Structure formats: C-alpha cells, structure tokens
Amino acid sequence: MNRREYNIAVKLHASNLYGYVFGFLRNSEDTQDIVQDVFEKLWKNRKKVEVEKCKAWMFRTGHNALINFSKRKNRTVYNTELVPEKSKIDNRFETQEIIDLALSLLPPTQKSIVLLRDLEGYSYNEISEILDLSDSQVKVYLYRARKKIKKQLGDLILTQ
C-alpha cells in the first residue's frame with residue numbers, strides 16, 4: 001500500500017470506523033484516540049496490508065483496540081446488576097439511553113456484531129472478515145445478542 005492508497009482508504013472508511021467505535025464507547029475523545037491509533041497502525045503496517053483488505057484490517061484493529069481499552073478501563077460489565085430497580089427508572093429515560101444500557105450488558109464480541117450489523121449495515125460476510133469469525137458464528141452471536149437485548153428491554157419495560 002502506498003501513500004495515495006493509504007489516504008484513499010482513510011477517507012473511505014474513517015466515518016464508518018468512527019461510527020463503529022463511537023457506538024461502542026459513547027465518548028468522542030476516546031473514540032478519536034482509538035481511530036487515530038488505527039490509522040497510525042495502518043500506516044506502520046502499510047507494506048503488509050493488502051489494499052483490498054484494508055477495511056477489514058482497520059475494523060479488526062479497531063475492535064481489538066476496543067477490547068483492550070475496555071479491559072484497561074474496567075468498563076465492560078457482564079452481569080445484570082446494572083439494570084436499574086423499578087424505583088430508579090422514571091420517565092426521564094430516553095429510548096437511546098435504554099438501548100445503550102442494554103448494549104452495555106453484552107460481551108464485547110456480541111456488542112461489536114450488533115453495532116456492525118444493525119448500526120453500520122455490514123453483511124454477515126463482512127463482519128466475519130472484520131472480526132475473524134465464521135459466518136455461522138456471526139449469526140449465532142447476533143441471535144444471542146438480540147435475544148439478550150430483547151430480554152433486557154422487556155425487563156426494563158415490565159418494571160416501569
């Protein structure tokens with residue numbers, strides 16, 4: 001990959017990569033840092049990365065950076081203790097806040113798949129390439145993630 005191809009790749013995929021990372025973190029400063037790190041790593045590895053596969057490489061690198069960031073910041077929580085009690089939920093909750101809460105309870109891989117598929121519109125094949133999973137694994141993880149979200153949303157609605 002030469003300088004021109006690198007610049008084209010960055011221009012083509014910057015906004016989608018930013019959207020994916022922001023959907024995961026919900027913090028613009030951290031998102032900008034991670035996206036910039038991905039671009040820096042792409043530049044450093046430009047001789048190894050094929051132009052046709054740079055999109056998948058950038059998203060996979062971004063995904064790995066998100067996992068590492070979550071571990072470092074202790075932001076990933078896998079239990080349902082984050083679901084507020086009935087008395088704590090009031091009408092001030094916006095729909096997006098409820099969805100964000102449900103997404104925050106998912107394991108990182110499931111959350112990434114939901115964000116890539118439902119928010120960014122990537123195909124199963126593209127997601128499997130980005131996350132280095134098989135198509136069937138992507139479908140299973142997506143099914144399980146949607147099932148968990150549906151249960152969380154149902155629990156939240158029932159407790160109101």
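Since the model is a prediction, treat every value here as computed from it, not as a measurement. Note that the numbering runs from 1 along the sequence shown for the chain.
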Least distance between heavy atoms, [X] atom then [Y] atom:
{"X": "Ala65", "Y": "Ile34", "result": "CB-CG2, 3.9 Å"}
{"X": "Glu120", "Y": "Tyr20", "result": "OE2-N, 3.3 Å"}
{"X": "Ile67", "Y": "Pro108", "result": "CD1-CB, 3.0 Å"}
{"X": "His63", "Y": "Ser112", "result": "ND1-OG, 2.8 Å"}
{"X": "Ser123", "Y": "Arg117", "result": "CA-NH1, 3.5 Å"}

- When hydrophobic residues are tied together by side-chain contacts of less than 4.5 Å, even through go-betweens, does Leu17 share a cluster with Trp43? yes
- Task: Answer with yes or no whether the hydrophobic clustering places Val51 together with Tyr6; edges join I, L, V, M, F, W, Y residues whose side-chain heavy atoms lie under 4.5 Å apart.
- Result: yes
- Step by step, work out the side chain to side chain contact (heavy atoms under 4.5 Å, CB included) result for Leu106 and Ile113. CA-CA 10 Å; Leu106 294 175; Ile113 291 171; over 6 Å; no
- Query: Just checking, any donor-acceptor pair under 3.5 angstrom between side chains of Tyr18 and Ser28?
  - Reply: no
- What residues, two or more places apart in sequence or in another chain, satisfy side-chain contact (heavy atoms from CB on, under 4.5 Å) together with Glu129? Lys53, Ala56
- Got a sec, which residues hit side-chain contact (heavy atoms from CB on, under 4.5 Å) with Asp118, two or more places apart in sequence or on another chain? Val114, Leu142, Arg146
- Task: Could you give me the CA-CA distance, side-chain angles and deciding distance for Leu116 and Val138, then say whether side chain to side chain contact (heavy atoms under 4.5 Å, CB included) is met?
- Result: CA-CA 11 Å; Leu116 288 169; Val138 170; over 6 Å; no
- Query: Under 6.0 Å between the ring centres of Phe59 and Tyr122?
  - Reply: yes
To the nearest 0.5 Å, what is the distance between [atom1] on [X] and [atom2] on [Y]?
{"X": "Asp30", "Y": "Phe69", "atom1": "CG", "atom2": "CZ", "answer": "3.5 Å"}
{"X": "His13", "Y": "Cys54", "atom1": "NE2", "atom2": "SG", "answer": "4.5 Å"}
{"X": "Phe22", "Y": "Ser15", "atom1": "CZ", "atom2": "OG", "answer": "14.0 Å"}
{"X": "Leu42", "Y": "Asp37", "atom1": "CG", "atom2": "CG", "answer": "12.5 Å"}
{"X": "Arg144", "Y": "Thr109", "atom1": "CZ", "atom2": "OG1", "answer": "12.0 Å"}
{"X": "Asp132", "Y": "Gln137", "atom1": "CG", "atom2": "CD", "answer": "9.0 Å"}

- Message: If we check side-chain contact (heavy atoms from CB on, under 4.5 Å) with Trp57, which of these qualifies: Lys48, Glu50, Met1, Lys41?
- Response: Lys41
- Task: Ignoring hydrogens and angles, tell me if any N or O in the side chain of Lys111 forms a donor-acceptor pair with the backbone of Phe24 under 3.5 Å.
- Result: yes
- Message: Looking at Arg60 and Ile130, would you say the former's side chain and the latter's main chain have a donor-acceptor pair under 3.5 Å?
- Response: yes
- Are Arg46 and Glu5 ion-paired here, with the side-chain N under 4.0 Å from a carboxylate O? no
- Message: Pair Ile127, Leu133 - check side chain to side chain contact (heavy atoms under 4.5 Å, CB included), show working.
- Response: CA-CA 8 Å; Ile127 297 169; Leu133 300 168; 5.8 Å; no
